[in-house]
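The chains referred to below are lettered A, B, ... by the order of the sequence lines, with proteins before strands, and numbering in each begins at 1.
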Amino acid sequence: MAFITLTTDFGRKDHFVSAVKGAIYTLLPETVVVDISHEISPFNINETAYILKNAYKSFPKGTIHIVGVDSELTPENKHIALLLDGHYFVCPDNGIMSMIASEINPSKIVEINIHDRVETHFSALDVFVNVACHIARGGTLDVIGKPLPEITKMVELQPQVVSETKIIGSVIYIDNYGNVISNITKELFHQVGKGRSFTLSSGRNTFKKIVDNYSDIVNFELPISKRNDAGNRLALFNSNDYLEIAIYKSNLQTVGGASSLLGLDYRSCISVEFDKTLTD
Amino acid sequence: MAFITLTTDFGRKDHFVSAVKGAIYTLLPETVVVDISHEISPFNINETAYILKNAYKSFPKGTIHIVGVDSELTPENKHIALLLDGHYFVCPDNGIMSMIASEINPSKIVEINIHDRVETHFSALDVFVNVACHIARGGTLDVIGKPLPEITKMVELQPQVVSETKIIGSVIYIDNYGNVISNITKELFHQVGKGRSFTLSSGRNTFKKIVDNYSDIVNFELPISKRNDAGNRLALFNSNDYLEIAIYKSNLQTVGGASSLLGLDYRSCISVEFDKTLTD
Amino acid sequence: MAFITLTTDFGRKDHFVSAVKGAIYTLLPETVVVDISHEISPFNINETAYILKNAYKSFPKGTIHIVGVDSELTPENKHIALLLDGHYFVCPDNGIMSMIASEINPSKIVEINIHDRVETHFSALDVFVNVACHIARGGTLDVIGKPLPEITKMVELQPQVVSETKIIGSVIYIDNYGNVISNITKELFHQVGKGRSFTLSSGRNTFKKIVDNYSDIVNFELPISKRNDAGNRLALFNSNDYLEIAIYKSNLQTVGGASSLLGLDYRSCISVEFDKTLTD
């Protein structure tokens, strides 16, 4: 049983997504096709990398991930297929994969060269569909492409450790609740901080504490009528171990979320200043 | 073949939903995972209960329904699994299930107690995924939780029968067309009304008739050019037997629907006044 | 293995779509149910026809397509099932199918007549679900309906060839990127133009060239820093061979797309004027 996922900026109203699915089912009726996201902001490869990086690992090894974001074939935007961390990716070589491969090296990369052998009649993604189904049938990458020594590098926003006491990071994603996710990982935080007290700052907002669960800011000893935690700000390490600034139980569509209420946007600066002494 | 459904407020852009699906497929590749809704307003348990109540019954008996709305584990928000009406539910004990169980009692309820046995590395829902797959494999509820005598009660907005001639209800949901759904059921209406004439009122809108199909307000004997039924108000019992106020062929995105055009919102009052005499 | 697709204006928040899926799985657990679109503008049969026409062909022959747009049964809106191009369609007879059948004639049409035999308890679409599952099990159309000589004709917006040198078309769809799709096909264009030079006009916008790929307007010989192609207008024949006016790498949610930036909307006029001489 083969799993193929789709990550695109096609939206869900147009026929594009279902045309891709229909093509897969026509070639391989037994495939399970799973949507990762089709609401990527058009042509936004940073968003694509963030979402795909956090989603792919949950799938079974051997899953084939098709990426349809900024995927038109041009002299500068090759089509590639690669094996990384036991998963296959079929995608444009526009830098997305370099962000996903920042921690793990691909064990095999090919430049897809079957474009003249594929009838393109249903979508820009017909080549990707053919390659994915080839892999799903157990075919090797060598048959559909020629080895590529490396992929296009795209420098992701990286947190900077500017001194022994300071990390400067930035906002890399804003989620469905308006929560603001930075590129500072729990690992980097502990590596630099070594357990010291700290001040986390972003714009005019400062935090002295980073929690592990949203509800850690609730005082459960107070009667419910005396609590007013909904709407409170908090900093936490989220389920993917990124430092996140959130509003407890926020609703982006009504009162707003951390992004709108705290004035934080994509690329906004988030910094952590640790105390000079290790124990204070 | 096991069916697992998902009802969340995660939205469809972020990686959360697909991470949950990937985790299910990794544990049980043969499962069919079906989305009920991921567009629940953040943390809105009333919406969750309304949507889930109207959706779950269509699924095969034995289906496992995961609810990911306001599901963070806290001292006050336990994780539960229960069997009700032949369906399994894996969800937080925050009142959602009491609204679904208002008509049918659960035949078994457990408080999930496997949190220390599950590696949580992909999402807040990993415990729910593990429990759902355990049930899907034929496992019993006793293995993953301890019996719970009852679930948290959440008093839903209930219609009030204030006299032999009057029902006061309220708006509990606004659908994709902007149609406004009340908590007055067809059954209650007939039970109190006993066939008498009535006036249905909401704000400045009154209705003397409740239809069974939207198109019942169209006069098909008129030539099409003489009709102007699109945009007309109507009251009907919808496919789930709730009293609904609608605009015929409304479009919320352009001209508006019953909610915006008639000024009706969640919790707005809808009342029915029956005539004093049974036959008039 | 049967494939059933769904095309509706139900949206994805409400319980409607999942109730339909649950009903299908209850009747036929082995079915693969695929969403074509649920974001059709309410009651918009032009959009439905455009999306379905471009999606259905990618699916395996024998796929059953359910259409839930403006599908309430009325004296004027019958329910039909038909076989066309090797695909089954179960839908209202409101003109949608006449637009899809404009190029290919249905080989069989029936008016569904099992309404009194189906318990309708979950959705307006229960009859369609029953018919689709009947077909999926290998049942014939004659069992669930009576032969219908023809379907309701709905005149689609058609391009007009007003002289040997002029085609007048109109906008029939605006996609997720804000790109504007006309009803002028590549085939008609070449048939009338016979290779002559031309001026394509829409509002104040004129084009002298129609490309085949979005990136054909990029000059790859310039260094990237000297290019400013993102945001440029272009005319192209899209993957479905319709003449389309686009903005290169547009984002409808931020800077806008061709529709908003060039002032083109559904039904806007797009015309092509060819030179008088065949070779100039």
Side-chain angles (χ1 to χ4, degrees), chain A residues 1 6 8-35 38-45 47 68-78 92 94-95 115 118-127 129-130 152 253 265-266, chain C residues 1-3 5-7 9 11-12 32 34-41 47-48 50-63 65 87 173-179 181 212-216 218 220-221 224 227 229-230 238-241 247-255 257:
Chain A
M1 171 166 271
L6 304 177
T8 78
D9 59 0
F10 294 170
R12 290 183 180 262
K13 176 173 178 177
D14 301 345
H15 64 278
F16 302 126
V17 170
S18 58
V20 170
K21 290 182 182 170
I24 294 172
Y25 292 128
T26 299
L27 288 173
L28 267 189
E30 301 284 335
T31 315
V32 177
V33 184
V34 188
D35 301 306
H38 299 294
E39 276 87 355
I40 305 277
S41 303
F43 306 99
N44 191 322
I45 63 178
E47 268 188 21
V69 177
D70 184 28
S71 61
E72 199 175 66
L73 185 72
T74 73
E76 287 165 2
N77 195 16
K78 295 168 188 156
N94 56 12
H115 295 83
V118 172
E119 270 188 84
T120 63
H121 61 291
F122 65 90
S123 134
L125 285 192
D126 43 10
V127 168
V129 165
N130 273 274
T152 298
Q253 289 123 56
D265 210 341
Y266 179 65
Chain C
M1 171 166 271
F3 290 91
T5 78
L6 304 177
T7 307
D9 59 0
R12 290 182 180 263
V32 177
V34 189
D35 302 307
I36 287 187
S37 183
H38 300 293
E39 276 87 356
I40 306 277
S41 303
E47 268 188 21
T48 310
Y50 177 81
I51 290 170
L52 187 53
K53 194 198 287 193
N54 287 313
Y56 88 83
K57 290 180 189 176
S58 298
F59 285 84
K61 294 272 175 181
T63 295
H65 305 278
H87 291 252
Y173 193 75
I174 295 167
D175 76 9
N176 186 52
Y177 305 89
N179 294 337
I181 293 121
D212 279 311
N213 300 291
Y214 297 98
S215 61
D216 287 352
V218 179
F220 288 102
E221 285 169 17
I224 288 174
R227 297 182 208 156
D229 30 57
N238 68 18
S239 58
N240 300 101
D241 285 344
I247 299 284
Y248 189 59
K249 298 209 172 178
S250 59
N251 185 333
L252 201 52
Q253 289 122 57
T254 55
V255 291

> Under a 4.5 Å heavy-atom cut-off, does chain C meet the side chain of A:Phe43, its backbone, both or neither?
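It is the side chain, since no backbone atom gets that close.
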> I need the A:Asp9 CG to C:Asn176 CG distance, nearest 0.5 Å.
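Between A:Asp9 CG and C:Asn176 CG, I get 7.0 Å after rounding to 0.5 Å.
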> Is C:Tyr56 in contact with chain A via its backbone, its side chain, both, or neither, using a 4.5 Å heavy-atom distance?
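C:Tyr56 has no heavy atom closer than 4.5 Å to chain A.
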> Within the 3.5 Å criterion, strictly below it, is a donor on C:Asn240 or A:His15 matched to an acceptor on the partner's side chain?
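C:Asn240 vs A:His15: donor-acceptor pair found between side chains.
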> Using modelled atom types and a 3.5 Å cut-off, is there a donor and acceptor pairing between side-chain atoms of C:Ser58 and backbone atoms of A:Ala23?
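No.
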> Who wins among C:Lys53, C:Arg12, C:His38 for the most heavy-atom pairs under 4.5 Å with chain A?
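Going by pairs under 4.5 Å, I would pick C:Arg12.
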> Can you say whether A:Asp70 sits under 4.5 Å from chain C via the side chain, the backbone, both, or neither, judging by heavy atoms?
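For A:Asp70, side-chain heavy atoms alone lie under 4.5 Å from chain C.
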> Tell me which of these, A:Pro29, A:Pro75, A:Gly22, has more heavy-atom pairs under 4.5 Å with chain C than the rest.
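Counting heavy-atom pairs under 4.5 Å, the top option is A:Gly22.
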> Are side-chain heavy atoms of C:Phe59 and A:Ser18 found at a separation under 4.5 Å?
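Yes, at least one pair of side-chain atoms sits under 4.5 Å.
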> For A:Thr74 versus C:Phe220, what's the shortest heavy-atom pair and its separation?
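Residues A:Thr74 and C:Phe220, closest heavy atoms: CB-CZ, 3.4 Å.
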> Tell me, for C:Thr5 versus chain A, whether the close heavy atoms (under 4.5 Å) come from the side chain, the backbone, both or neither.
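For C:Thr5, neither part sits under 4.5 Å from chain A.
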> Could you check whether A:Asp14 and C:Tyr177, counting side-chain N and O atoms only, form a donor-acceptor pair closer than 3.5 Å?
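No donor-acceptor contact under 3.5 Å links the two side chains.
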> When you compare the side chain of C:Leu252 with that of A:Pro42, does any pair of heavy atoms fall below 4.5 Å?
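They are not in contact (no side-chain heavy atoms under 4.5 Å apart), so the answer is no.
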> What pairs with C:His87 under side-chain hydrogen bond (donor to acceptor under 3.5 Å, both in side chains), at least two apart in sequence or on another chain?
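If we apply the side-chain hydrogen bond (donor to acceptor under 3.5 Å, both in side chains) test to C:His87, skipping adjacent residues, the hits are C:His65.
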> Between C:Ile36 and A:Lys21, is the side chain to side chain contact (heavy atoms under 4.5 Å, CB included) condition met? List the steps.
CA-CA 9 Å; C:Ile36 287 187; A:Lys21 290 182 182 170; over 6 Å; no
> Quick one: does A:Phe16's side chain get under 4.5 Å of C:Asp175's, heavy atoms only?
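Yes, their side chains come closer than 4.5 Å.
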> With sequence neighbours left out, what residues match C:Tyr248 under ring-ring contact (aromatic ring centres under 6.0 Å, His included)?
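C:Tyr248 satisfies ring-ring contact (aromatic ring centres under 6.0 Å, His included) with no residue once adjacent residues are dropped.
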> Report which part of A:Leu73 has an atom under 4.5 Å of a heavy atom belonging to chain C: side chain, backbone, both, or neither.
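Answer is backbone: N, CA, C or O of A:Leu73 sit under 4.5 Å from chain C.
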> So do the side chains of C:Val218 and A:Glu76 get within less than 4.5 Å of each other, counting heavy atoms only?
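With C-beta onward as the side chain, the pair stays apart.
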> Treating A:Glu72 as the side-chain partner and C:Tyr214 as the backbone partner, does any N or O pair qualify as donor plus acceptor under 3.5 Å?
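Between the backbone of C:Tyr214 and the side chain of A:Glu72 there is a qualifying donor-acceptor contact (under 3.5 Å).
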> By a 4.5 Å heavy-atom criterion (distance strictly below it), what part of C:Leu52 contacts chain A: side chain, backbone, both, or neither?
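Contact with chain A: none, neither part.
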